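All chains are named by letter (A, B, ...) in the order of the sequence lines, taking the proteins before the strands, and each is independently numbered beginning at 1. Because only heavy atoms are used, hydrogens play no part in the values below, and waters and symmetry mates are left out as well, while side chains stay in. Everything numeric here is computed off the predicted structure, so don't read it as measured data.
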Amino acid sequence: MRTVSAKLKHIGTSLSSSSRPYSLTPLASSHGKPRNPPSPTLLNEFVNFCYQRDLPKAMNAMAAMERHGIYADSITYSELIKCCLARNAVEQGKLVHKHVFSNGYQPKTFLINILISMYVKFKLLDEAQALFDQMRERNVVSWTTMISAYANAKLSDKALEFFVLMLREGVLPNMFTFSSVLRACNGLFNVRQLHCGMVKLGLESDVFVRSALIDVYSKLDELKDAICVFNEMETKDLVVWNSIIGGLAQNSDGDEALDQFKRMKRAGFTADQATLTSVLRACTGLALLEVGRQVHVHVLKFDVDLILNNALLDMYCKSGSLEDAKSVFERMVHRDVISWSTMIAGLAQNGFSQEALKLFDLMKASGIKPNYITILGVLFACSHAGLVDDGLYYFRSMKRLYGIDPGREHYGCIIDLLGRAGKVDEAVSLVQEMECEPDAVTWRTLLGACKVHRNVDLAIYAAKQVLKLDPEDAGTYVLLSNIYANSQRWEDVSEIRRQMREKGITKEPGCSWIEVNKQIHAFIVGDTAHPEINEINRWLNQLIHKLMGIGYVPDTNFVLQDLEGEQRDDSLWYHSEKLAIVFGLMSLSSGSVIRIRKNLRICGDCHTFAKLVAKTECRVIVIRDPIRYHHFQNGVCSCGDYW
DNA sequence: TTAGGGTTAG
């Protein structure tokens with residue numbers, strides 16, 4: 001930081017070195033009346049107050065100077081503006097603006113840019129825009145300040161419009177402009193055009209521009225381009241690493257995100273809050289509890305970072321480790337609506353509905369206003385606990401109490417709630433009353449209700465609606481085919497299979513993952529690849545026969561039940577989650593929880609199997625499928641046998 | 001005087 005004496009020396013030099021003592025004192029050619037040269041004493045006092053960030057004294061000094069007809073120069077005004085910004089003093093900032101333009105003076109572009117930037121930082125875009133409009137000359141900084149302001153305010157069209165206007169005025173963009181305008185891009189076409197523009201201007205190698213490019217390609221789901229931009233970089237900094245790790249984690253490519261994280265560490269970088277947040281997100285997606293715990297150790301360095309703690313909380317919730325999640329939540333120094341919503345949804349999804357609803361009350365009591373997602377967690381909790389009246393109350397009153405319009409997801413929760421309670425007709429009525437158009441997820445939810453309550457006709461109707469909106473949904477094709485087969489509608493069965501062949505739709509094979517000693521073991525249905533598969537199968541056969549001895553009957557009635565479509569009796573025995581459960585029994589110590597993640601919904605038979613294994617082997621088994629969490633303990637499941 | 005990265009549902 002510059003010392004006061006250095007500053008004074010600087011001022012002294014300015015005063016003595018030129019016939020125009022203050023370099024930015026208006027010249028005769030400036031608009032407005034020429035200003036008197038400043039008095040060194042008054043000016044020195046004023047400058048000192050500015051550098052000391054003593055805003056009240058600086059403002060008084062400025063007024064005193066102006067009473068003598070003395071005006072500061074642009075550099076000093078810019079220091080005063082920094083003073084206002086440091087103190088978040090909006091009104092004083094506006095006053096400085098008036099002083100800068102007082103006496104008909106027309107300040108230099110440099111100073112007007114600083115004033116615009118001040119208004120942007122105060123989030124007063126209208127004031128910034130008005131000042132920008134008044135400018136006689138706008139340079140690249142003026143334009144970039146406005147573009148960046150609109151990009152930050154999520155007014156993408158406005159930011160892009162300014163970029164085009166800037167080009168039309170013949171102002172050449174620089175790397176600052178590109179990294180700002182990229183954030184406003186929401187279409188691939190724009191990004192490619194901009195990318196070409198940067199290459200032409202030789203700005204592509206700038207590290208800020210590159211990280212913005214990686215980020216925007218990732219957000220547009222163009223990971224190949226993001227990785228390409230990243231790999232082409234010879235010099236990478238931490239933000240660039242964070243951009244690619246974050247992009248991968250947000251695009252459900254957790255494995256690759258964790259690989260890049262390892263490469264980043266090998267390259268000598270130390271993770272910061274943003275890195276750890278993305279790494280936790282990758283762990284969350286993969287349900288890697290043990291790896292997540294390792295990351296937790298590093299999170300302790302940043303224990304007041306809200307975003308990072310929210311990510312940690314979510315990791316524990318989604319890995320099914322509610323005790324850890326509660327502990328993180330209790331210890332958080334600050335909690336925002338995301339912290340509360342994450343915890344409420346985490347409790348609800350893991351089967352702790354009453355706790356979730358109690359937490360919602362606590363949240364409101366603590367003065368935090370619920371948002372769209374909070375209410376989803378609350379409705380989910382009601383649905384899980386079969387609290388039809390409460391769920392309908394929250395749903396019907398959300399607009400009135402919290403100002404939140406019910407969206408498709410809220411309708412989905414209530415359809416699920418009514419379906420779970422056997423009120424399928426009411427669920428249909430709700431679909432009909434929806435203000436927004438039902439989508440494939442809505443119909444799939446209704447299909448779930450039909451599945452449980454064996455409502456074949458409605459199931460066929462709902463399945464057809466799903467396929468209209470999502471013609472690639474293999475699970476629904478298989479389900480529909482099974483429904484027809486059960487009704488001996490063989491022509492319809494053939495038609496469904498023909499459609500699947502024609503469209504090249506194949507069912508994704510069922511896959512389950514389990515983490516043992518920080519290694520991930522993956523099992524595919526009917527797996528033969530795992531090195532211990534023979535031992536696993538031997539255990540599995542013994543276990544199935546043991547369970548059959550206490551009444552387990554493999555459930556081969558898959559109609560309206562098997563969302564995987566793994567309907568053959570022999571494959572039933574080798575469903576991926578059964579293999580993973582047995583591997584967990586073989587590999588994990590007797591007290592530890594068996595945690596499994598699945599890519600497809602669990603079938604009815606595996607659900608029964610898991611409940612019985614949990615009972616006979618005295619284990620807690622947690623299976624996370626794409627939609628729900630199942631905690632199996634003492635022969636029961638937290639989902640209440642509805643999923 | 002202008003620029004880049006991280007959190008909740010689905």
Under 4.5 Å between any side-chain heavy atoms of A:Phe178 and A:Leu201, yes or no?
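They are in contact (side-chain heavy atoms under 4.5 Å apart), so the answer is yes.
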Is the CD atom of A:Glu435 crowded by more than 12 outside heavy atoms at less than 6.0 Å?
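No - once you tally the heavy atoms of other residues, nucleotides and ligands closer than 6.0 Å, there are 12 at most.
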Going by modelled atom types, is there a donor-acceptor pair between the base of B:dG6 and the side chain of A:Asp305 at under 3.5 Å?
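Answer is yes: a donor-acceptor pair is held.
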For a quick check, tell me whether the side chain of A:Asp272 and the base of B:dG6 share a donor-acceptor pair closer than 3.5 Å.
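A donor-acceptor contact between them is absent.
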Could you tell me the separation between the [atom1] atom of [X] and the [atom2] atom of [N], rounded to a whole number of Å?
X: A:Ile116; N: B:dA3; atom1: CD1; atom2: P; answer: 13 Å
X: A:Asp625; N: B:dA9; atom1: CG; atom2: P; answer: 15 Å
X: A:Lys301; N: B:dG6; atom1: NZ; atom2: C1'; answer: 15 Å
X: A:Glu409; N: B:dA9; atom1: CD; atom2: P; answer: 11 Å
X: A:Lys108; N: B:dT1; atom1: NZ; atom2: P; answer: 16 Å
X: A:Leu115; N: B:dT2; atom1: CG; atom2: P; answer: 13 Å
X: A:Leu85; N: B:dT2; atom1: CG; atom2: P; answer: 10 Å
X: A:Met198; N: B:dA3; atom1: CE; atom2: C1'; answer: 11 Å

Shortest non-hydrogen contact between A:Leu600 and A:Asp625, atoms and distance:
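Heavy-atom minimum between the residues: O-CB, 3.6 Å.
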Between side-chain atoms of residues 233-241 of chain A and protein atoms elsewhere (two or more places apart, or another chain), which donor-acceptor pairs fall under 3.5 Å?
| unit_1 | atom_1 | unit_2 | atom_2 | d |
| --- | --- | --- | --- | --- |
| A:Lys236 | NZ | A:Met233 | O | 3.3 |
| A:Asp237 | OD1 | A:Val239 | N | 3.2 |
| A:Asp237 | OD1 | A:Val240 | N | 3.0 |

So if I take every side-chain heavy atom of [X] and compare against [options], which nucleotide ends up nearest?
X: A:Gln349; options: B:dT2, B:dA9, B:dG4; result: B:dA9
X: A:Lys121; options: B:dT7, B:dG4, B:dT2; result: B:dT2
X: A:Ile373; options: B:dT2, B:dT7, B:dT8; result: B:dT8
X: A:Val240; options: B:dG10, B:dA3, B:dG4; result: B:dG4
X: A:Ala274; options: B:dG6, B:dA9, B:dT8; result: B:dG6
X: A:Val141; options: B:dT2, B:dT7, B:dT8; result: B:dT2
X: A:Ile307; options: B:dT7, B:dG4, B:dA9; result: B:dT7
X: A:Lys318; options: B:dG4, B:dT8, B:dT1; result: B:dT8
X: A:Gln250; options: B:dT7, B:dA9, B:dA3; result: B:dT7
X: A:Ile338; options: B:dT1, B:dG4, B:dT8; result: B:dT8

Residues 343-352 of chain A side chain polar contacts: donor-acceptor under 3.5 Å, at least two apart:
| unit_1 | atom_1 | unit_2 | atom_2 | d |
| --- | --- | --- | --- | --- |
| A:Asn350 | OD1 | A:His631 | NE2 | 2.6 |
| A:Asn350 | ND2 | A:Cys317 | O | 3.2 |
| A:Asn350 | ND2 | A:Gly346 | O | 2.8 |

Positions of [range] (non-hydrogen atom under 4.0 Å from DNA chain B), listed by number:
range: residues 173-180 of chain A; answer: A:Asn174, A:Met175, A:Phe176, A:Ser179, A:Ser180
range: residues 277-287 of chain A; answer: A:Thr277, A:Ser278, A:Arg281
range: residues 209-226 of chain A; answer: A:Ser211, A:Asp215, A:Lys219

For a quick check of understanding: with a heavy-atom distance under 4.0 Å over all strands, which category does [X] fall into, base, sugar-phosphate or nothing?
X: A:Thr342; value: sugar-phosphate
X: A:Asn309; value: nothing
X: A:Val207; value: base
X: A:Arg183; value: sugar-phosphate

Could you walk me through whether A:Thr342 and A:Asp314 pass the side-chain hydrogen bond (donor to acceptor under 3.5 Å, both in side chains) check?
CA-CA 6 Å; A:Thr342 303; A:Asp314 193 41; 5.0 Å; no
Which word best sums up how the rings of A:Tyr150 and A:Phe162 line up, parallel for under 30°, tilted for 30 to 60°, or perpendicular for over 60°?
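Tilted.
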Relative to the ring of A:Phe329, is the ring of A:Trp340 parallel (under 30°), tilted (30 to 60°) or perpendicular (over 60°)?
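The arrangement is perpendicular - the two ring planes meet at more than 60°.
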Report, one line per pair, each donor and acceptor closer than 3.5 Å where one atom sits in a side chain of residues 299-310 of chain A; sequence neighbours left out.
| unit_1 | atom_1 | unit_2 | atom_2 | d |
| --- | --- | --- | --- | --- |
| A:Asp305 | OD1 | A:Ile307 | N | 3.2 |
| A:Asp305 | OD1 | A:Leu308 | N | 3.0 |
| A:Asn309 | ND2 | A:Asp303 | O | 3.2 |
| A:Asn309 | ND2 | A:Asp305 | O | 2.9 |
| A:Asn310 | OD1 | A:Ser339 | OG | 2.8 |
| A:Asn310 | ND2 | A:Asp336 | OD1 | 3.2 |

Taking atom types as modelled, find out whether [X] and [Y] have a side-chain donor-acceptor pair closer than 3.5 angstrom.
X: A:Ser327; Y: A:Asp324; answer: no
X: A:His99; Y: A:Tyr77; answer: no
X: A:Asp215; Y: A:Ser243; answer: no

Worked verdict on A:Glu256 versus A:Arg263 for salt bridge (charged side-chain N to carboxylate O under 4.0 Å, His left out):
CA-CA 10 Å; A:Glu256 187 58 26; A:Arg263 282 181 212 130; 3.6 Å; yes
